[in-house]
Amino acid sequence: MSAYTEGIITLLMINAIAAMGVCLLTGFTGVFTLGHAAYMALGGYATAILTVKYHLHWLPAVVAGGILAIVVAYVIGIPTLKLMGDYYAIASIGLGEAIRLILENWQSVTRGARGYPGIPTFTTMPVAVGFFLVLAFLLFCLLHGSYGRMFKACRDDHIAAALLGYDTARVRVLSLVLSAFYCGVSGGLLAGFLSFIQPVMFDMLKSTELTAVVVFGGLGSLSGCLLGTTIITLVTELFRPISQYRMLIYGAVLVIIMVLRPEGIMGQYEFGPKLFRKLFGRKAPAQERR
Amino acid sequence: MGTLLQQIINGLSLGSVYALIAVGYSLVYSILLFSNFAHGSFLVIGGYSCYFALKTLGMNIWLAGGLSLIAAGVSAILTERLAYKPIRERTNVTLYLLIASMGMSIVIENIFVVTVGGRFRALPPVIPTDPVNLFGLATTSAFDLISLVVAVICLGGLQLFLTRTKWGLAIRAAAYNLRIAGLMGVNVSRLISLVFFVAGVLAAVGGIFLSVRYTLYPQLGGITIKAFVAAVIGGLGSLPGAVVGSLILGLAEMLTAGFISSQLRDLVVFSLLVITLLFRPTGLFGKSVGEKI
Amino acid sequence: MAFALELGGVNKFFGGVHAVNDMSFILQEGELAGLIGPNGAGKTTIFNLVTGVYDVSSGHITLFGEDITNHKTYEVVRKGIARTFQNLRLFASATVLENVMTACQQHHRYSFLEACTHLGRWRSVEREIRDRSMTLLERVGLADRADQTATTLPYGHQRRLEIARALALEPRLLLLDEPAAGMNPEEVQDLNRLIQKIHADFGLTILVIEHHMELVMEICPHIVCMNFGALIAEGDPEHIQGHPEVLKAYLGEEVEE
């Protein structure tokens, strides 16, 4: 396998980990975010500083990056997620920009806008694939069971969910915290892949892309979000020479999807027998009963 | 003392431009209950229309200004008709509108990148920027005073429109409950177009002043983030809140730039947002929205 | 002895509107009671106050002797209240079975670690939740619809599903908000039997808001009647039927009743 292909696969895995985080929050819990690149930035910078300055092994450094993201998400989530509607979306923009600006201005720790160089390149393809597989497995299991039903209940009707005894604000905070962890780890791996990170990599456009990928794939479908990431990452690579048109097309695609098929490519379906039955028009057979 | 006064005037002037943008954004929010992220695009459209009307068509500022206001207003209506209306008619999930607006904002920004290029352009010197001496107390630029005055006139005009006209009454009724306003015989579709037109026009006024202040480029719409922040600080959907929030933000920015460091002005803006959300999540004038069960 | 539910001097203002005016009533444990009144009388508001969806302006509410005034919705629910909604509130994207499971899982839990690995108790607890939910669906006659998306059910079935979902919480007090709305007379008869059977089998206290007078008169030995936010009569069906205030409230407001 060529180094180029390996690089693309590694990048794809890193993007997919972040996208899964956003998928949990936006797709399954219904909280819209425009600032998740900030959690990637936190993870990335924590990993960079811990490995370069404190010579920590990369594995605990990446995990620490994820944990830092959790802490920040918790602090910001408690007040804002009590409110419904667009408050978290706006707060997340503010938070995202604030974190980026802090990284730019806190020169003594982050080395400012010029970026943080010399990070050990630990993110090889097997590392990225390994992280992806473990995190995807954990999320898949989590979503199939009580927690998945709880998140979806809060998304579909938060009042009905409260009347089933769920503390909906806490459920949203839990979802945010988990999604921040995924993005933090993804940021740490990105730092170890590029060996150089810069605050501007984690701007609002990156956040928008994370959310767009999830919407594009289908809100409430994990496999849809992975499909979306694959398509967007590959398209980004293929269209690199004409990047200005890429953004134009990308924006137009978002609008068109919302107008024509707001549920995304996959809708709520996952790859599997259910989707198969749906595609081939047979009625789902009644589930066996005990 | 002189510097302080000067920074306060600058802050109010910048804040009043934010207010023009924030009010339009808040107005749309109050009717459709979604955050229109394409709002910044109307500002860019206004800026570029003005630029080309002045440069290419050789118009004077009044004609060019008028033209750009109409251009922005019409493109706001078109945006609503093309992207939001089909979604509104099908579902009441505001998330879809939010994402569509994000898409529209990317599309419009990149239409400018592709057609006129991403470079920075300076508007011809149509608005005087000479220094003005204020009774010997402070010196400020004529531009700041003019933008303050124009913003006040526009906001006053909006207030009169909302309180004194039939359509203004309809808009206020719709902000209370769009569906019921529809049942009472208000033409909802036309009303929403009108709201978008007004929002577009106000954004364009802000856009012209911002492009004089900072030069014009396709990403100028990104500055709307500050207007969003102002609207949230004031309370989403509240027009007085949007104005007060904008003024606070403008003052905070200018005072930080003047007395601490201009590097930190944006950080102060976002810290204000986070602090507001921590202590008063519904904003200064926000009402907690009840839901019918 | 503790009452199932006690409202004492409850008032609720929405701005200048006095929506609930000094309401007091008591439900004994194990009662099947009805709450009636014309449109806009404030019946659903009472439910919203009891379940903590709205805060009361003044007065107190106790549940089995425990004060629940202005407690958060999820706290009240965890103390043993479940309710259905006048305007259905099913989880639209979930199947019939998942709707019930979402409620049922409150009493059958596993840890976060087990949830994200499917190890340990996961399999057995998930099966418990599923079996219990299926049993409840059988009770309301929806077992054969278990895998259908909830909102594709006919209206009357959706109401039954809401009842099954509420029962899955294993409540001590069940609040039913117009369970017969939009049903034809036959369906109302079925529903009557269902409510009585649930009441008998589960040993619950039930409070029903109803517009169909015949339903309430037939199954509820204890009826509370309100109008304009205030209590106007309380007692057994004969007492209510003959009460001049009740007749006035209904005849003045609605001709068909």
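As the structure is a prediction and not an experimental result, all values here were calculated from the model. First the proteins, then the strands, lettered A, B, ... as listed; each starts at 1.
The closest side-chain heavy-atom distance from A/Leu34 to B/Met102 is below 4.5 Å. The shortest side-chain heavy-atom distance between B/Tyr96 and A/Val215 does not fall under the 4.5 Å cut-off. Side chains of B/Glu109 and A/Leu248 form no contact here, defined as non-hydrogen atoms less than 4.5 Å apart.
Residue-environment remark: CZ (B/Arg172) exceeds the threshold of 12 foreign heavy atoms within 6.0 Å. Other residues, nucleotides and ligands contribute over 12 non-hydrogen atoms within 6.0 Å of the OH atom of B/Tyr214. By the neighbour-count criterion of 12 heavy atoms within 6.0 Å, atom CZ of A/Arg114 is sparsely surrounded, having that number or fewer from other residues, nucleotides or ligands.
Note that the CZ atom of A/Arg100 and the CG atom of B/Asp266 stand 8.0 Å from one another [nearest 0.5 Å]. The CE atom of A/Met258 sits 7.0 Å away from the CD1 atom of B/Ile87 when rounded to the nearest 0.5 Å. The CG atom of B/Asn110 sits 11.0 Å away from the OH atom of A/Tyr245 when rounded to the nearest 0.5 Å. Rounded to the nearest 0.5 Å, atoms CG (A/Leu95) and CZ (B/Phe270) are 10.5 Å apart. Going from atom CG of A/Leu254 over to atom CE of B/Met104 covers 11.5 Å, rounded to the nearest 0.5 Å. Atoms CD and CG, on A/Glu97 and B/Leu273 in that order, are 11.0 Å from each other to the nearest 0.5 Å.
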* To do: Walk me through it: do B/Leu267 and A/Glu104 pass the test side chain to side chain contact (heavy atoms under 4.5 Å, CB included)?
  => CA-CA 10 Å; B/Leu267 195 54; A/Glu104 266 177 24; over 6 Å; no
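Residue B/Tyr84 does not touch chain A at all, counting heavy-atom pairs closer than 4.5 Å. With a 4.5 angstrom heavy-atom cutoff, A/Leu260 touches chain B only via backbone atoms. For a residue to count as touching a neighbouring chain, one of its non-hydrogen atoms must lie under 4.5 Å from one of that chain's; by this rule B/Ile111 touches chain A with backbone and side chain alike. Interface remark: A/Leu219 contributes side-chain atoms only to the contact with chain B (heavy atom separation under 4.5 Å). Both the backbone and the side chain of A/Val259 have a heavy atom closer than 4.5 Å to some heavy atom of chain B. For chain A, no part of B/Ile108 is nearby; none of its heavy atoms comes within less than 4.5 Å.
In terms of heavy-atom pairs under 4.5 Å with chain B, the best-connected choice from A/Ala98, A/Ala252, A/Gly96 is A/Ala98. Ranking B/Val232, B/Ile99, B/Leu264 against chain A, the residue ahead of the rest is B/Ile99, based on heavy-atom pairs under 4.5 Å.
Smallest separation of non-hydrogen atoms from B/Ala83 and A/Val255: CB-CG1, 3.8 Å.
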